[in-house]
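For reference, the structure is listed below as structure tokens.
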Amino acid sequence: MSGRLSKGKTGVVQIQSKNAVDEQIDVVKLQTHELPWFIIWSVTLSVPLAVALTNVMMVHIDAKLLAIKFGTVQDIMEREGSFALGALALAGICAAYGLVATCLVLFISPACAGSGIPEVKGYLNGNSVKGLFGLQAFIVRVFGIVLATASGLPIGREGPMVGIGSNIGYAIVVNLALPYYRKKLRFSSESTQEQVGTIVDEERFSYAKRIGSVMGAAAGIATAFNAPIGGILYMFEEVTVTNWEPELTFRTFVCTVVGVMVTKGLFNLAGDDVHKLLIYAENDVSAAQWDWKDVPLIVGLAASVGLLAALMTRIFEKVWKFRRRMAQRLHKAQPWAKIAEVLLCVVVIALIHGCLPAVAGCNPDNNTGRHLSEDGTGRRLASTLSRTQYTCPDGEHNEMATVLLSGAEGAVKHLFARGLEHFEIGPIAVSFVAYFSLAICMPGLAIPMGSFVPSMMIGALCGRMVGEALSKTGAGFADPGVFSMAGSAAMLGGFTHMTIAIVALLAEAAHDLSLVPLLMLSIF
């Protein structure tokens, strides 16, 4: 129907059509499309609560899966007295986890493969992305990333957490705000009977859904890394919308703070030992002293790691394109070819991670960071960290197993630790070569995954090697943990091209603002 709009004296909107038939549209209930304050705050508080509950559930499930995996392997090795059987059991359990993860993606929600950040970024900037939201996508991302990380793959959960949080924010806005963007209209004309219809202000409703997605994604990053400021800045730099208004900053700030506080409260109430799955722990603090003589060394480290980040980015691109070409060539064998590919990667990685530490030596437990500090404060240095015993006798630990079998989050905590936490250069170098070689094989696999944490760990390994080597000179250089954090900053800066968010995330990890200049210099 075409014509012109006019408004009569009675307030009824009239449409003057070309065929001279006057039709009236009577608004049953006039709405201004402005959300009431209680709806705005209901959304702002409901989003972080839901994200925090989801994150706590994921961490606990991940902890249970890891306990089952390592407990079963340990029982087999002790009962049978065979390391080979233990390694095969480890590979079998990891393959089972990986199989379920890839089947969830391929048979339920194929759009959940990968990190999900490009899809979220496209949606937030006005594009329509099929399969990004919905109950199926939520379930697949949640359980897919938990199973994938439990299988031992060198991946992170920051990307899927952006998608999970965005999905939660989208769903809450749809359920709470839709009635306020909807109008009921009564249509009537001389030739037809009166009819009632409903229209939705799609433009404003879409904007509200995108705001909810931003808040949910920021809460997802904040709860995953226990970093409220870093969560806001991560969204602002990496997955921002074209128009970021001041009120969005305040709402996102509230979301990240509430999400982190609720997550911490739930962990405290549960009383479970889940710190190994979280990078940032309040006890992982120590004095981080650095001097100007450390600056040239950190600049050289950052330049070298930056080149490594560029190399890794190019390799990621080549691997992803190769997998896409192979998937097209083997289209008749799909999805079984993709399932077999995931299983092969999981089994190979499990065997490498399980067998490499077996050839490494054992170290006594006299330097694990369980001693009181020497500054008289009584503060413990890295008191929540514990080394992995693996096949070593009581009172000793395996440094390579500590890095490769603790998961990326647990390994990064060890590498960032300062004070009495020390590593031998050999195990760190071998772990770096193994982890980097396996991490570059991940792009394109049919599982949810992120690359932020693996990049952080690769940079931390590089920095730790340099720091440990300098510490042996006795020249009084900064603690190896400081160089480890500088390496992570350089790697993340080169890989993601983010700046402020990385500094905030790592500064929150260190609980030491004096490291901010070094971190900024490393990224620069």
Side-chain angles (χ1 to χ4, degrees), residues 87 90-103 105-106 110 112-118 144-145 147-160 305 307-330 333-357 400 403-409 411-412 429-462 491-492 494-496:
L90 177 64
I93 296 173
C94 291
Y97 291 165
L99 175 63
V100 178
T102 188
C103 286
V105 171
L106 293 174
C112 292
S115 70
I117 291 179
I145 187 58
L147 289 164
T149 53
S151 69
L153 292 174
I155 58 176
R157 62 191 185 104
E158 76 292 336
V305 174
L307 293 176
L308 180 64
L311 174 64
M312 190 174 76
T313 302
R314 294 296 301 270
I315 295 176
F316 270 27
E317 181 183 5
K318 298 294 184 182
V319 172
W320 184 82
K321 290 182 178 180
F322 172 77
R323 278 210 168 93
R324 186 175 61 174
R325 290 196 302 267
M326 292 303 297
Q328 293 173 351
R329 293 178 183 178
L330 301 176
Q334 303 298 348
W336 311 112
K338 292 184 177 180
I339 293 176
E341 182 182 34
V342 171
L343 292 179
L344 178 62
C345 289
V346 170
V347 170
V348 171
I349 291 172
L351 291 176
I352 292 176
H353 284 179
C355 295
L356 271 183
M400 197 177 299
V403 174
L404 295 179
L405 296 179
S406 298
E409 290 85 354
V412 166
V430 175
S431 299
F432 164 74
V433 174
Y435 193 87
F436 181 83
S437 301
L438 297 174
I440 59 177
C441 299
M442 294 299 102
L445 288 179
I447 54 172
M449 70 177 77
S451 301
F452 191 90
V453 173
S455 301
M456 181 186 295
M457 181 169 172
I458 292 171
L461 287 169
C462 293
M491 190 71 185
L492 290 172
F495 184 75
T496 66

Q: Would you name the heavy atoms of F495 and T313 that are closest together and state the gap between them?
A: CD1-OG1, 3.4 Å
Q.
Could you measure the distance from the CE atom of M457 to the CZ atom of F452? Nearest 0.5 Å is fine.
A. 15.0 Å
**Q.** Closest approach of L147 to A101 (non-hydrogen atoms, all atoms of both residues)
**A.** CB-CB, 3.9 Å
Q.
Measuring only between side-chain heavy atoms, which start at C-beta, is L153 closer than 4.5 Å to M449?
A. no
Q) Using the ring of each side chain (for Trp, its six-membered ring), is Y435 parallel, tilted or perpendicular to H353, with breaks at 30° and 60°? A) parallel
Q) Which pair of heavy atoms, one from V453 and one from G156, lies closest together, and at what distance? A) CB-CA, 4.0 Å
(Q) Please find the pair of heavy atoms, one from G354 and one from L90, that lie closest to each other, and give the distance. (A) CA-CD2, 4.0 Å
Q. Could you state the interatomic distance from CG (L106) to CH2 (W336), rounded to the nearest 0.5 Å?
A. 9.0 Å
**Q.** Any side-chain heavy-atom pair of S455 and M312 under 4.5 Å
**A.** yes
(Q) With rounding to the nearest 0.5 angstrom, report the CD to CD1 distance, Q334 to I339. (A) 9.0 Å
Q. What distance separates C345 SG from M442 CE, expressed to the nearest 0.5 Å?
A. 5.0 Å
Q.
Between L308 and F436, is there a side-chain heavy-atom distance shorter than 4.5 Å?
A. yes
Q | Nearest heavy-atom neighbours spanning S151 and C94 | A | O-SG, 3.1 Å
Q: For the pair R323 (side chain) and C441 (backbone), establish whether a donor and an acceptor sit closer than 3.5 Å, ignoring hydrogens and angles.
A: yes
Q. Of all heavy-atom pairs between V403 and S431, which one has the smallest distance, and what is that distance?
A. CG1-CB, 3.8 Å
Q | Distance, nearest 0.5 Å, that separates CD1 of I458 from CE of M491 | A | 4.5 Å
(Q) Tell me whether T102 contacts the main-chain N or O of A446 through its side chain, where contact means a donor paired with an acceptor under 3.5 Å. (A) yes
Q | Approximate separation, where rounding is to 0.5 Å, of M400 CE and L356 CG | A | 6.0 Å
Q: Indicate yes or no: at least one non-hydrogen side-chain atom of R329 is less than 4.5 angstrom from one of M326.
A: yes
(Q) Are Y97 and V346 packed together at the side-chain level, in the sense that at least one heavy-atom pair is separated by less than 4.5 angstrom? (A) no
Q: Evaluate the side-chain proximity of K318 to I440: yes if any heavy-atom separation is below 4.5 Å, no if none is.
A: no
Q: Compare all side-chain heavy atoms of I155 with those of I447 and state whether any distance is below 4.5 angstrom.
A: yes
